[in-house]
Chemist: 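Please find one structure pasted underneath; my questions will follow.
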Amino acid sequence: MRPKTLSAIGGWHSFLFCIGMYVIALFFSIFVCSSIFYAINTKSSQGKNIYVEKSNGKQTLASVGH
């Protein structure tokens with residue numbers, strides 16, 4: 001008779017590793033894509049806040065930050 005000393009989770013080890021790596025890759029991809037999106041989005045919206053102000057006959061460029 002064969003002894004039954006093997007762990008039942010041993011067969012799931014590679015599957016759980018793949019699931020864990022998928023979750024980690026998904027988390028980092030969401031983080032990287034959202035960082036790129038917000039970096040591009042702030043540059044396009046920043047151009048809307050720039051205006052020209054005249055003071056003492058001189059033109060001055062200024063921006064309104066939030």
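Atoms considered below: every heavy atom in the structure, side chains included; atoms not considered: hydrogens, waters and symmetry mates.
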Chemist: Please check if Val32 and Ile40 belong to a single hydrophobic cluster, counting links between Ile, Leu, Val, Met, Phe, Trp and Tyr side chain heavy atoms closer than 4.5 Å.
Modeler: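 Same cluster.
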Chemist: Tell me which donor-acceptor pairs under 3.5 Å the side chains of residues 10-24 have, and how far apart each pair is, sequence neighbours excluded?
Modeler:
none

Chemist: Excluding sequence neighbours, so at least two apart, what forms side-chain contact (heavy atoms from CB on, under 4.5 Å) with Ile30?
Modeler: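 Ile30 satisfies side-chain contact (heavy atoms from CB on, under 4.5 Å) with Leu26 only.
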